[in-house]
Amino acid sequence: MRSLISILDLDVVEINELISTANDIIDNPKKYSEACHGKKLATLFFEPSTRTRLSFEAAMYELGGNVIGFSEAQSSSAAKGESVADTAKTISCYADIIAMRHPKEGAPLVASMNASIPVINAGDGGHNHPTQTLADLLTIHREKGGFDNLTVGLCGDLKFGRTVHSLIEALSRYNNIKFVLISPDELKLPSYIKKDVLKKHNIEYKQVSTIEEVIGELDILYMTRVQRERFFNEEDYLRLKDTYILTPEKLSGAKADLSVMHPLPRVNEISVAIDKDPRACYFKQVLYGKYMRMALILKLLEVTV
Ligand code: CP
């Protein structure tokens with residue numbers, strides 16, 4: 001029995017297999033429509049979500065399965081003090097697979113160590129978000145045809161941005177990847193990721209403070225939200241929240257085939273005027289996330305179609 005806690009739990013061969021399955025689901029949805037008949041997904045969301053929870057639920061329904069779960073900690077027995085370990089043991093009696101989001105880093109790992117069914121990390125605090133990365137990887141694969149030789153700009157909250165951390169881990173395994181890290185000083189990429197991932201794999205990277213100085217170099221610009229919920233101090237959040245706002249003017253120096261990505265939700269980071277630009281990929285990410293989650297559920301439940 002396997003869980004998905006970090007994107008590194010999947011090797012590059014398995015990532016390619018998931019991409020192939022997701023593409024096949026896109027082309028032949030009926031083939032998969034009863035694949036998980038009789039199976040149940042439990043969505044245990046201790047933190048707010050629109051895309052991740054609902055795309056997991058849509059994914060399971062489109063595979064012919066069922067869904068149980070809760071969407072806030074307050075409506076579960078966590079509000080009465082139940083531990084993550086006991087919750088995982090309990091849900092193992094009701095469901096076949098768990099998708100868990102939790103504000104505490106490591107909570108889905110604890111759940112996986114106590115559950116008797118696969119656990120998928122649907123985002124843990126400021127740590128990891130591997131299924132967002134699966135959505136991102138399918139988007140990049142469909143837009144760019146592969147993962148080698150890309151210059152990837154990552155912009156915004158690189159400190160607490162779990163989607164950024166997982167994406168860096170995933171892309172660092174491909175050839176000739178370069179990262180451009182665009183953030184204010186206070187929200188720089190944590191040094192453990194620079195040391196354990198970028199330096200370990202000899203990945204070229206640079207840190208800058210404006211989009212304008214690097215926009216022309218980028219194949220991908222991955223924007224992120226400054227996350228109010230991760231700040232201890234409201235003043236710091238208010239000072240930093242609008243540091244980066246991508247506008248059509250700022251895109252004027254970009255490559256014609258740049259892909260603008262964002263895990264969403266967006267607050268102010270990307271002007272809505274960019275939504276109609278063919279380089280905007282963020283709503284494709286939303287759609288592709290559902291197909292990658294379908295492929296992942298099939299893999300972890302060991303269902304063959
Ligand atoms: N990208 C993402 O995780 O969105 P939600 O918080 O809405 O799930």
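Atoms within each ligand, like the ligands themselves, are counted from 1 in listed order. Quick caveat: nothing in here was measured; it's all calculated off a predicted structure.
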Is the closest N or O pair between Arg53 and ligand 1 shorter than 3.5 Å? no
Can a donor-acceptor pair be found between the side chains of Arg225 and His262 at a distance below 3.5 Å? no
Among protein heavy atoms, which lies nearest atom 4 (O) of ligand 1, and at what distance? Arg51 NE, 3.0 Å
Would you check the N or O atoms of Pro263, main chain and side chain alike, for any that come under 3.5 Å of an N or O of ligand 1? yes
Can you confirm whether Lys194 sits close enough to Leu189 that some side-chain heavy atom of one is under 4.5 Å from a side-chain heavy atom of the other? yes
Geometric cation-pi criterion Arg293 and Phe56, 6.0 Å radius, 45° cone: yes
Backbone, side chain, both or neither: what part of Leu264 comes under 4.0 angstrom of ligand 1, heavy atoms only? backbone
Among the heavy atoms of His129, does any lie under 4.0 Å from an atom of ligand 1? yes
Candidates Thr52, Asp124, Asn121, Thr43 - the one meeting side-chain hydrogen bond (donor to acceptor under 3.5 Å, both in side chains) with Arg101: Thr52
For Ile91, run the side chain to side chain contact (heavy atoms under 4.5 Å, CB included) check against Asn114, Ile98, Asp86 and tell me which one passes. Ile98
Atom 6 (O) of ligand 1 sits nearest the protein heavy atom Arg101 NH1, 2.9 Å
Atoms in ligand 1 flagged as close to Thr50, the criterion being non-hydrogen separation under 4.0 Å: 5 (P), 7 (O), 8 (O)
Can you sort out which atoms of ligand 1 are near Thr52, meaning under 4.0 Å from one of its heavy atoms? 2 (C), 3 (O), 4 (O), 5 (P), 8 (O)
Between Asn23 and Tyr291, is any side-chain donor less than 3.5 angstrom from a side-chain acceptor? no
